Every structure is written in C-alpha cells, then in structure tokens.
Amino acid sequence: MHDSTDIIITIVKRLKQRDEKALEYLYEHYSAALYGVILRTLGNEQASEEVLQDVFIKIWEQIESYEPKKGKLFTWMYRIARNNAIDVRRSKEFKFSGKSIALDSFVDNLGKPTGNDEHGLKEIVDQLDTTCTKLIKMNFFMGFSHKDISEQLLIPLGTIKTRIRSCMGKLRNLMEKI
Amino acid sequence: MNKEEIINEGWLEAYLTGDVSKEEAKTIESFLESDQEVRSAYEKIEDTLSKMAFMQGVEPSLKVKQTILENISDIETKETKIYNLSSYAAAASIVVALSLAITAYFFWNKWQDAETRYTSLLTESQTVISSLNTTNKALEDVSKKVEIAISPNYKRIILAGTDNAPANQAIVFWDGAQNKVYLGTGNLADLSNDQQYQLWALVDGMPIDAGVFDPSEGLILMKDIDKADTFAVTIEKKGGSETPDLSTLQVIGNVS
C-alpha cells in the first residue's frame with residue numbers, strides 16, 4: 001500500500017507531536033516491507049526482529065531529523081533499517097548463520113508466506129534477467145555495498161553504478177506493465 | 001559531477017543505498033534541493049524501491065509490535081515524568097514564592113496597622129498632656145483666687161467703669177504688707193495689636209506704673225505697690241507709657 005503524500009505529511013506531523021497512533025499506523029503499513037529487507041540482510045529471524053524493534057524506536061526518536069527535501073519518508077525509514085541491519089551483521093557478536101537464501105530467485109524460501117506474492121513479485125522476477133535480479137537484490141535487499149557485489153559477482157566496481165541504474169530502469173518498466 | 005552524469009550514471013541509485021562518499025553525497029543533495037529534474041529522477045527510483053520492498057515484504061511476529069509500543073510508552077512516560085517533575089518543581093517554587101509574598105504582605109500590613117495605632121496613640125497622649133496642662137493651669141488659677149479671696153491680708157478694690165467704658169469692671173487684690181498686686185481683668189475687652197492696658201496706682205494724685213496687661217481669665221500678678229490711694233486702668237501703646245493718658249481712663253477705684 002502506498003500512501004499519498006498528504007497522509008504521509010499528516011503522519012509525520014503527528015509523530016512529531018508524539019502521537020503513538022501515528023507510529024502504530026507506520027508499523028501496520030510498513031513493517032513488513034522493512035522486515036523483508038532486514039531479514040534478507042541478516043538471515044536470522046530473532047536478530048531481525050530485534051533490529052526491526054530498534055528501527056521503529058529510532059523512527060520514533062529521530063523523526064525530527066527527517067527532511068522531506070532530501071527524499072520520501074519510506075526511503076528514510078528504509079535507510080535506517082538497512083544501516084541498522086548492516087551494523088549488526090558486521091558486529092563481532094553476530095554470527096552470520098543465514099538460511100540458504102537462494103540468490104537466483106527473489107522468491108525466497110524464508111519459511112513465511114508473504115501476502116505480497118499476489119502483487120506479482122514472481123512474475124516480475126521471472127522476467128528480469130538473472131544478473132539484474134542479483135544486483136538489485138544484493139544491493140537493495142541484502143545490504144551489500146557496490147564493493148561487496150563487485151567482489152562476489154566478479155564485476156568491475158566502476159561499472160556497478162551504471163549497471164544498477166540500467167537494472168532499476170528495467171524493473172520499473174516491468175512494474176508499470178502489471 | 002554535472003546534472004547529466006548524476007542522473008544517467010547511477011549516482012542517484014548509489015546515493016539511495018549509501019554507496020557514495022560524504023563529498024559526493026553533499027553534491028548530490030545540493031542538486032536534489034535545487035534541480036527539479038534531478039529531484040524527479042530520484043523520486044522515480046524511490047518509487048521503484050518502495051514498490052519492490054512491499055512486494056518482497058515479510059510479516060514479523062506479533063510480539064514485535066507489542067514490544068515496540070511498550071518501549072515507546074516507557075520512553076514517553078520517562079520524559080513526561082521528567083517534564084512533570086520539572087514543571088512540578090516549578091509549580092512548587094511558584095507556590096513557595098507566592099506564599100512568601102503573601103506572608104510578607106500580611107506582616108507588612110500588620111506593621112502598618114501597628115504604626116498607625118502607635119501614631120494615633122501618641123497624638124492622643126499629647127492631647128491628654130496638653131489638656132492636663134490646661135487643667136493644671138485652671139486649677140492653679142482657682143486656687144490662687146481662693147487663696148487671695150480668703151486671705152485677710154488682701155484688700156479688694158473694685159475698679160468701676162468710666163465714661164469711656166461705663167460697663168467695664170476690674171478688680172485689684174492688694175496685699176499692703178507684702179505689696180503684691182493681683183489684677184482680675186473682669187470684662188475688659190481685647191485691644192488692637194498696637195495697644196495695651198496699663199494699671200496705675202495713684203498716690204496723692206501721682207500715677208505709679210503697676211504694669212501692662214491683657215485681658216485674661218485668671219489673676220495677673222502686677223508690679224509691687226507699697227502705697228496707693230486709687231487704682232486705675234488706661235489704654236496705652238503696647239508695652240506701656242511712663243505717664244498715663246487719662247483721656248483713655250477705663251476703670252478706676254479708690255482704696256478704702
């Protein structure tokens with residue numbers, strides 16, 4: 001569900017006014033999307049749920065630092081989630097014990113059915129070439145940096161930016177067709 | 001980096017995932033803020049991301065939401081407590097300040113009261129003192145009069161009115177042995193400022209000055225007179241004269 005700009009503006013305002021209902025709204029609408037990113041980054045449910053908690057508490061505590069001129073609210077929340085998950089993965093305490101997340105397919109076997117399959121994720125992924133799928137998934141949904149990707153997929157670092165741009169463009173086109 | 005590079009070479013996607021340096025990010029941000037084309041291009045990328053994110057979303061367990069809301073409540077309660085504490089302290093100090101002010105005013109009022117009463121008490125006592133003086137004086141006069149009246153040593157000479165003042169009367173008490181002369185001014189009227197009554201004792205027609213006086217309540221002690229046939233009162237200039245102006249003769253009486 002994508003909220004209109006007006007709804008988002010209201011939510012942000014209410015959050016700043018310490019309205020807990022506004023945070024509840026964000027959780028109801030956006031927690032799954034953020035949890036997917038965190039889970040794919042860490043591969044561990046318990047750790048991921050802890051990170052998700054921390055992320056929403058951070059959203060609550062740092063809402064004053066969100067600047068609309070720098071981007072959309074979801075992007076801001078996404079960044080908090082992605083960075084938090086990466087920090088946990090890099091920490092000494094965390095042992096990356098990922099379930100086998102098939103890199104080839106976006107539709108993972110993560111043990112939990114997602115209600116969003118109905119939204120045609122499989123169809124899109126089927127139509128997107130393997131490399132683009134890998135690039136987008138690793139960079140956007142698994143918390144890998146361009147450097148990580150360059151090393152793992154053996155693609156020159158300097159080409160990754162343009163490749164990703166091209167893949168995102170393809171993905172956008174496929175989505176518009178649905 | 002120029003605008004075309006930023007849009008076409010994947011800088012915006014890299015900025016979104018954080019795959020740029022701090023300087024690069026600053027440059028991109030300034031373009032985002034100032035250039036609508038760059039901003040639109042970025043928004044498209046944001047849209048694609050959020051759509052994908054929803055598509056790949058995974059539901060977390062229910063307890064996560066509970067924990068989040070509990071934590072938020074705790075944070076807010078703590079902050080509210082602190083806020084309340086400080087506002088309570090503020091309120092309390094206001095109450096203290098206020099009650100100090102009220103107490104101070106209360107005592108100031110009482111002090112003012114006391115001041116006023118003290119002042120009026122002073123005034124009262126002064127009034128009492130002065131009326132006491134008056135009474136004393138009156139008492140003195142009366143006792144003097146009585147003393148003289150009952151004393152066998154004093155001769156009573158009534159001074160009767162003349163053509164100048166037919167209705168006037170005065171009285172002289174003369175102690176021939178000690179030569180004391182007391183004058184009762186009777187109904188003699190007040191004079192103007194430049195005039196004064198003068199008492200004369202006449203011996204063989206010769207006038208002797210017995211002193212000047214003004215009309216008064218009590219008996220006035222005049223000058224000593226050892227000999228007198230007659231006592232008389234004239235009007236002279238203030239302070240008296242050496243010889244009487246007999247044309248102003250007021251009252252006169254012979255010594256019997």
Side-chain angles (χ1 to χ4, degrees), chain A residues 1-2 18 20 23-24 27-28 30-37 39-40 45 48-49 52-53 56-57 60-61 69-72 74-75 78-79 82-83 106-108 110 112-117 119-121 124 136-137 139-141 145-147 160-166 168 171-172 175, chain B residues 1 5-21 24-26 28-34 38-39 41-77 79-80 83:
Chain A
M1 183 182 305
H2 301 281
R18 298 347 251 152
E20 290 175 25
L23 192 73
E24 246 192 277
Y27 187 86
E28 291 299 322
Y30 296 94
S31 62
L34 297 175
Y35 185 60
V37 176
L39 188 58
R40 284 190 177 81
E45 276 170 27
S48 300
E49 286 192 343
L52 185 65
Q53 277 169 27
F56 270 90
I57 290 170
W60 176 259
E61 286 179 339
K69 69 180 181 189
K70 283 191 178 157
K72 298 192 176 186
F74 180 76
T75 311
Y78 163 84
R79 274 229 197 87
R82 186 176 187 272
N83 291 337
F106 221 125
V107 183
D108 321 290
L110 287 172
K112 276 200 176 60
T114 78
N116 295 313
D117 270 341
H119 291 262
L121 176 65
I124 288 173
I136 289 173
K137 186 172 175 186
N139 193 208
F140 287 95
F141 298 99
S145 66
H146 288 192
K147 189 163 174 287
I160 298 212
K161 272 206 293 289
T162 39
R163 278 175 179 258
I164 284 177
R165 171 140 185 94
S166 145
M168 284 294 271
L171 182 59
R172 183 156 51 243
M175 279 177 168
Chain B
M1 281 190 283
E5 285 168 359
I6 286 174
I7 295 175
N8 296 322
E9 290 176 14
W11 285 103
L12 296 173
E13 290 84 353
Y15 170 73
L16 194 154
T17 58
D19 284 298
V20 292
S21 71
E24 287 162 348
K26 275 212 169 82
I28 294 163
E29 272 162 15
S30 69
F31 271 98
L32 279 174
E33 286 176 37
S34 60
V38 175
R39 186 57 192 261
Y42 185 68
E43 279 173 10
K44 283 196 178 122
I45 298 161
E46 288 184 288
D47 274 344
T48 309
L49 167 67
S50 72
K51 279 179 186 157
M52 267 305 283
F54 278 102
M55 282 181 166
Q56 58 83 63
V58 177
E59 292 287 341
S61 67
L62 292 171
K63 70 177 196 292
V64 177
K65 178 179 175 181
Q66 247 175 285
T67 314
I68 290 168
L69 293 178
E70 275 168 22
N71 276 326
I72 297 297
S73 272
D74 275 350
I75 293 169
E76 289 310 297
T77 311
E79 286 178 9
T80 312
Y83 176 73

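Predicted, not measured: the structure shown is a model, and the values here were computed from it. Letters A, B, ... mirror the listed sequences (proteins, then strands); counts begin at 1.
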Taking all non-hydrogen atoms of both residues into account, name the closest pair between B:A14 and B:V20 and its distance.
CB-CG1, 3.8 Å
Under a 4.5 Å heavy-atom cutoff, which of B:L12, B:L49, B:L32 has the most pairs with chain A?
B:L49
Measure B:T48 against the heavy atoms of chain A and call it side chain, backbone, both or neither at under 4.5 Å.
both
Counting heavy-atom pairs under 4.5 Å with chain A, the top scorer among B:E43, B:E9, B:E46, B:R39 is B:E46
Checked A:M168, A:K147, A:K70 vs chain B; the most non-hydrogen pairs under 4.5 Å come from A:K70
Which residue out of A:E28, A:R18, A:K69, A:E61 racks up the most heavy-atom pairs below 4.5 Å with chain B?
A:K69
Is A:L23 close to chain B through its backbone or its side chain, or both, or neither, when contacts mean heavy atoms under 4.5 Å?
side chain
Looking at B:W11, I'd like to know if the NZ or CZ of A:R165 sits under 6.0 Å from its six-membered ring centre while staying within 45 degrees of the ring's axis.
no
How far apart are the C-alpha atoms of B:K65 and A:F56, what are their side-chain angles, what is the distance that settles it, and do they pass the side-chain contact (heavy atoms from CB on, under 4.5 Å) test?
CA-CA 9 Å; B:K65 178 179 175 181; A:F56 270 90; over 6 Å; no
Mind ranking A:L34, A:V37, A:I164 by heavy-atom pairs under 4.5 Å with chain B and telling me who comes out on top?
A:V37
My understanding is that only residues two or more places apart in sequence, or in another chain, count here; which of them pass side-chain contact (heavy atoms from CB on, under 4.5 Å) with B:N8?
B:E4
Could you tell me which residues satisfy side-chain contact (heavy atoms from CB on, under 4.5 Å) with B:Q66, sequence neighbours excluded, listed by chain and number?
B:E70
Engaged part of A:R172 at the chain B interface, taking heavy atoms whose separation is under 4.5 Å:
both
Just give me the residue among A:T162, A:N139, A:L52 that pairs up with chain B most often, heavy atom to heavy atom, under 4.5 Å.
A:N139
Give the intermediate values and the outcome of side-chain contact (heavy atoms from CB on, under 4.5 Å) for residues B:L16 and B:Y42.
CA-CA 9 Å; B:L16 194 154; B:Y42 185 68; 4.0 Å; yes
Contact class of B:E29 relative to chain A, heavy atoms under 4.5 angstrom:
side chain
Checking A:S48 against A:E45: is there a side-chain donor and acceptor pair closer than 3.5 Å?
no
